[in-house]
Number of protein chains: 2
Amino acid sequence: MSRAASIKDVANHAQVAVGTVSNVLNNPDRVSKRTKDRVLQAIDELGFVRNDAARQLRAGHSRTIGVVVLDVGNPFFTSLVRAAEDAAAVNGSAVLLGDSGHDANRESHYIDLFQEQRVQGLLISPVGDVADRLEALRQRGVPTVLVDRLADEDRFSSVSVDDDAGGYLAARHLLDLGRRKLAFVGGPLSIRQVSDRLLGARRAVAEVDGAALEVLDSDGQSVLAGRGVGNSLVERGAGNMPDGIFCANDLLALGVMQSLTMMNGVRIPDDVALIGYDDIDFAVSAVVPLSSIRQPTDAIGRTAIELLTEELDAQHARHRAVVFTPELVVRQSTAGAAAPH
Amino acid sequence: MSRAASIKDVANHAQVAVGTVSNVLNNPDRVSKRTKDRVLQAIDELGFVRNDAARQLRAGHSRTIGVVVLDVGNPFFTSLVRAAEDAAAVNGSAVLLGDSGHDANRESHYIDLFQEQRVQGLLISPVGDVADRLEALRQRGVPTVLVDRLADEDRFSSVSVDDDAGGYLAARHLLDLGRRKLAFVGGPLSIRQVSDRLLGARRAVAEVDGAALEVLDSDGQSVLAGRGVGNSLVERGAGNMPDGIFCANDLLALGVMQSLTMMNGVRIPDDVALIGYDDIDFAVSAVVPLSSIRQPTDAIGRTAIELLTEELDAQHARHRAVVFTPELVVRQSTAGAAAPH
DNA sequence: CTCCGCCTTTGAATCGTTTCATTGGTACGA
DNA sequence: TCGTACCAATGAAACGATTCAAAGGCGGAG
């Protein structure tokens, strides 16, 4: 109803100057206990809440960091954002979250919004081609850290995960189980993350004599796509089936699993060992709990904020590209040592 | 580097008064084309971006709406937030998103933050007991709409979904298929949404002669909990099994499905018809595509913004509680008409 | 008693935008 | 030619918090 109380109202009510109220809030030790108590009581009685706009106007910058992710529904990003929030809170910053939903327009919209809000910096997993905009922003003192994408170090800092290493890890694990006829399921290969994982897998296979890797291009990354691939494998007959399958993501792996085990009686891991990627929540609760490659989302979020803070503190800090190595999570779908037969 | 350009810089550069620049931005038709062009060019050359803090300070309120959800990872909320964002954009408002993660502290933190930001209003699916805080906020002209929770209409507007109706819908569907020995899987019953769904199911069962409903309290709402329930059902032997199962959420249903079909050869829907709740993405890609109850998330988000706008426009608007009716989605897990044998 | 230094408190200036009363100019009718 | 009406443009005031130079008050030393 009535306009919210301002610092001036508090000052009147407590019979002090506005500067004193401000000091109570920002430099409590400069104020005597007596006065402080009176001011705090006035704040309480009036229900005063700082107006962040005024604060920020005076300060010239906000205490917020803008984060734009591809998809908040994706647990990878949810967890990353949470970690970033916590890390930012340590510096007294809050996070403004934007979900681009893989849409370049939405992404651009959020960058506009955050720029108007005068965010201190930006964390972004870009969809569109925003390098030039971000560079312009940086030159005005608003640094950006790219997330889940390796950046040209000349332009930006970035935090990403080594998909090649992840692919290697997965394939190597299958090979270590004694499997030799491997298949890679994923697609489209134009997606960098998919092709990198394949590259890593190839590297592992090349290290082992007599090992082979065939590539099964899936139509998309969904459970259904995985089931499609599974069905076409079954059609080949038992003799021509791979004994180890690495899927570029867990959804595909779950689809393959459904197709092989439920409709077609193939045993996992006995006949075919199966491993996915991302370690989504469902991986652990699949019919046969799914082995997977886990990305260190917490560390990514934390590190992203760290890099951002570095650039905030020293405007001319060198950009850094931090690459994390993913981690193998072994579950039942690749458990049990030996090769089939 | 250099401080961001202000409206005053633009005014100098374009040789006009600051008020004119402001008019170009906010009342373009009050400005002659000649002047407007000059100003726009200056804006472009200086890369001027409005400072929202100053704007908001002058206006006395922001153009943002705070949204606090229980879990951004939950597709229900993701979709709801997206709809709310779009609806808010129509009014020229942006959304600030906070994820309480079922944690009362985080929730409280976001309310603080949003209050400092002077949001116009709040959408919240509350965890803790925040009614009094929200009421205080409302009295200062910041209305709140509760989401996914039926509110006391004397205090707040709310948008929710009729869980009783959803439960009725699910059970009625099983009964319509000719099933008579029904089971409800869910828990803990202390969660309102679970108990309401059960209530609705009971109502449906009471309408049909010879129909029975047994309640299987699950330990949690996860796939694993569902599998546990499924296993204990199997132990009873085929004769004592229900012929229709309604799970209080899709995860439970997926667990039950895994247990029955994969490990124990029970056929779905032939031996047992199965229906879940929420219609999560995985429902459609389960081994046997899962029938479910879908909540109209888009409509909920849109309506929530609508109610909020009503309260913003007319401070004394009566509060309204809008209750949506969920929708039955039939898939293979309850397809095929007849009762077994 | 006076002076000095220290601690507390004061209040004006400032940030960037919007608003609005006012001014300056032009065109048109009388 | 003068007056009126209208349109464009002006620029000072206001929003609320922070900052900082300056003033005020107090105690202790000389």
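No experiment lies behind these values; they were computed from the predicted model shown. We use all heavy atoms of the structure for the numbers below, so side chains are in, but hydrogens, waters and symmetry mates are not. Just so it is clear: chains get the letters A, B, ... in the order the sequence lines come, proteins before strands, and each one is counted from 1.
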Q: Would you mind telling me which of R320(A), R318(A), H319(A) makes a side chain to side chain donor-acceptor pair (under 3.5 Å) with E310(A)?
A: R320(A)

Q.
Taking 4.0 Å as the cut-off, does a side-chain nitrogen or oxygen of R58(A) come that near to OP1 or OP2 on dG16(C)?
A. no

Q | Side chain to side chain, N91(A) and Q120(A), heavy atoms closer than 4.5 Å | A | no

Q: Please state how far atom CG in N23(A) lies from atom P in dG11(C), giving the value in whole angstrom units.
A: 14 Å

Q | Rounded distance (Å) that lies between atom C1' of dA13(D) and atom CG of L57(B) | A | 13 Å

Q. So what does V31(B) hit on the nucleic acid, given a heavy-atom distance under 4.0 Å: a base, only sugar-phosphate, or nothing?
A. sugar-phosphate

Q) dT17(C) base to R55(B) side chain: any donor-acceptor pair below 3.5 Å? A) no

**Q.** Below 4.0 Å: OP1/OP2 of dA8(D) and any side-chain N or O of T20(B)
**A.** no

Q. Once you round it to whole Å, what is the distance between P of dT9(C) and NZ of K33(A)?
A. 13 Å

Q. At under 4.0 Å, does any side-chain N or O of R50(B) touch on OP1 or OP2 of dT18(C)?
A. yes

Q: Rounded off to whole Å, could you give me the CZ-to-P distance for the R30(A) and dA21(D) pair?
A: 11 Å

**Q.** Euclidean distance, atom CD of residue Q117(A) to atom C1' of dG16(C) [Å, nearest integer]
**A.** 15 Å

(Q) Are there over 12 heavy-atom neighbours, none belonging to D281(A), within less than 6.0 Å of that residue's CG? (A) no

Q) Between V18(A) and R34(A), which is nearer to the 5' end of DNA chain C once each is assigned its nearest nucleotide? A) R34(A)

Q. To the nearest Å, how far apart are H61(A) NE2 and dA17(D) P?
A. 17 Å

Q | Criterion side-chain contact (heavy atoms from CB on, under 4.5 Å) against L123(A), the qualifying member of T144(A), V69(A), L308(A) | A | L308(A)

Q) How would you label the contact of G60(A) with the nucleic acid (heavy atoms, under 4.0 Å): base, sugar-phosphate, or nothing? A) nothing

Q: Mind checking N26(B) for me? I need base, sugar-phosphate or nothing, with any heavy atom below 4.0 Å counting as a touch.
A: sugar-phosphate

(Q) Assuming nearest nucleotide by heavy-atom distance, tell me which of Q15(A) and L25(B) is located more 5' along DNA chain C. (A) Q15(A)

Q: Could you work out which one of dT8(C), dT19(D), dA9(D) sits closest to the side chain of S22(A)?
A: dT19(D)

Q) Which of the following nucleotides, dT10(D), dT9(C), dA17(D), is nearest to the side chain of A17(B)? A) dT10(D)

Q) Given atom CD1 of I7(B) and atom P of dG11(D), what is their separation to the nearest angstrom? A) 14 Å

Q: Determine whether F48(A) and L25(A) make a side-chain contact, defined as any pair of heavy atoms from C-beta on separated by less than 4.5 Å.
A: yes

**Q.** Nearest listed nucleotide, side chain of V16(A), among dT10(C), dG16(D), dT18(C)
**A.** dT10(C)

Q: Rounded off to whole Å, could you give me the CZ-to-P distance for the R63(B) and dT18(C) pair?
A: 9 Å

